[in-house]
Amino acid sequence: MPGWVHFIHNHLGVKVPVKGCVDATDHMPPMRKHQVSITWLTKYFRDHYESHPLTEESPEDEKERYARVYLIGMIGGVFFSNKSSNLLSCEWLRIIFSSWEEMGEYSWASACLAMIYHNLCNASLKAVREVGGAMFIVQFWAWEHMPWIAPVQRPDRDWPIDHPLRGEAYGTRWLGHTTCDNLVQHKLDEYRRRFERLWEGEVTS
């Protein structure tokens, strides 16, 4: 662990405490084995920004540090999150702190999809009760292909009929007020019956 603490300090200028410090948000230490707390790290930079905000005159290396922290939050907390959605494996830091050109060569979409498949596979095991990964992508996919489980968008008087974000479909359209009145609330048996009808071809998307 001290090696990763030194690695983070060299790249972000932050010395992550490993003993005698617990994050106030999730009551976990900032470093846990070979993982770093995203909550602690982003809070550190948020607090630092309030007292030392970035400006156009700020050094480039300081701007870059904030950009790297943003990537840590996106990678570890959104697209490649584990079940905690907070702890990031330090192995990711080798990629995050590589050159921007090198990071641009990775197939991030493919990696994210592979991560989703991996987590869904693990979630199918009987003993597993939680799932990691970008599950919001799975949710958007389900809304598209099984619209009867999706929220229904309420008419918004401020949007004209031909507004590009008005109507049903893609997750990016869920910007207005929505209602879930049409959904079955916490009734697993009813969902199972609907899925059975879907497989039998009685429910079409």
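We count residues from 1, following the sequence as given. Just so it is clear, the values below take in all heavy atoms, side chains as well, and ignore hydrogens, waters and symmetry mates.
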Exercise. Centres of the Phe45 and Tyr70 rings: under 6.0 Å?
Worked result: no
Exercise. What pairs with Asn10 under side chain to side chain contact (heavy atoms under 4.5 Å, CB included), at least two apart in sequence or on another chain?
Worked result: His6
Problem set entry | Path from Val131 to Val128 over hydrophobic side-chain contacts below 4.5 Å | no
Exercise. So if you build clusters from Ile, Leu, Val, Met, Phe, Trp, Tyr with side-chain heavy-atom gaps below 4.5 Å, do Met103 and Phe97 land together?
Worked result: yes
Problem set entry | Full working for side chain to side chain contact (heavy atoms under 4.5 Å, CB included) between Leu12 and Val69 | CA-CA 8 Å; Leu12 292 178; Val69 172; 4.0 Å; yes
For this session: Using the six-membered ring wherever Trp is involved, compare the ring planes of Tyr106 and Trp108 and label them parallel, tilted or perpendicular (cut-offs 30° and 60°).
Result: perpendicular
Problem set entry | Tyr66 and Leu54: CA distance, side-chain angles, deciding distance, side chain to side chain contact (heavy atoms under 4.5 Å, CB included) verdict | CA-CA 9 Å; Tyr66 277 92; Leu54 289 177; 3.6 Å; yes
For this session: Working to the nearest 0.5 Å, report the span between CE of Met115 and CD1 of Ile75.
Result: 11.0 Å
Quiz: residues 88-96 side-chain donor-acceptor pairs under 3.5 angstrom, not counting sequence neighbours:
from: Ser89; atom 1: OG; to: Glu91; atom 2: N; distance (Å): 3.4
from: Glu91; atom 1: OE1; to: Arg94; atom 2: NE; distance (Å): 3.3

Problem set entry | Approximate separation, where rounding is to 0.5 Å, of Gln139 CD and Ile137 CD1 | 11.0 Å
Exercise. How close do Pro53 and Glu50 get, heavy atom to heavy atom, and via which atoms?
Worked result: CD-O, 4.2 Å
For this session: Side-chain contact test, heavy atoms from C-beta onward, threshold under 4.5 Å: evaluate it for Val14 versus Tyr44 and give yes or no.
Result: yes
Seminar exercise, completed: Separation between CD1 (Ile116) and CZ (Phe79), nearest 0.5 Å, reads 9.5 Å
For this session: Assess whether atom NZ of Lys15 is packed by more than 12 heavy atoms of other residues, nucleotides or ligands within 6.0 Å.
Result: no
Exercise. Can you tell me how far CZ of Arg65 sits from NE2 of His11, rounded to the nearest 0.5 angstrom?
Worked result: 11.5 Å
Exercise. When you measure from the side chain of Asn82 to the backbone N and O of Leu87, does any donor-acceptor pair fall under 3.5 Å?
Worked result: yes
For this session: Consider only side-chain heavy atoms of I, L, V, M, F, W and Y, link residues closer than 4.5 Å, and tell whether Leu113 and Phe136 are in one cluster.
Result: no
Problem set entry | Nearest heavy atoms of His48 and Ser51, plus distance in Å | O-OG, 3.1 Å
Problem set entry | Rounded distance [0.5 Å steps], CG in Leu41 versus CD1 in Ile8 | 6.5 Å
Exercise. Is a side-chain N or O of Ser107 found less than 3.5 angstrom from the main chain of Ala109, in a donor-acceptor match?
Worked result: no
For this session: Decide side chain to side chain contact (heavy atoms under 4.5 Å, CB included) for Val5 and His9; before the verdict, give the C-alpha distance in whole Å, the side-chain angles of both, and the deciding distance to 0.1 Å.
Result: CA-CA 6 Å; Val5 172; His9 183 263; 5.5 Å; no
Seminar exercise, completed: dist Asn119:CG -> Ser81:OG (nearest 0.5 Å) comes out at 7.5 Å
Problem set entry | Residues in side chain to side chain donor-acceptor pair (under 3.5 Å) contact with Glu105, at least two apart in sequence or another chain | none
Exercise. Between Arg68 and Glu64, does a salt bridge (charged side-chain N to carboxylate O under 4.0 Å, His left out) hold up when you go through it step by step?
Worked result: CA-CA 6 Å; Arg68 303 284 185 183; Glu64 184 170 314; 3.0 Å; yes
Exercise. For Ile38, does its backbone N or O pair with a side-chain atom of Asn86 as donor and acceptor, under 3.5 Å?
Worked result: yes
Exercise. Would Leu125 and Tyr117 show up in the same hydrophobic cluster when neighbours are defined by side-chain heavy atoms closer than 4.5 Å?
Worked result: no
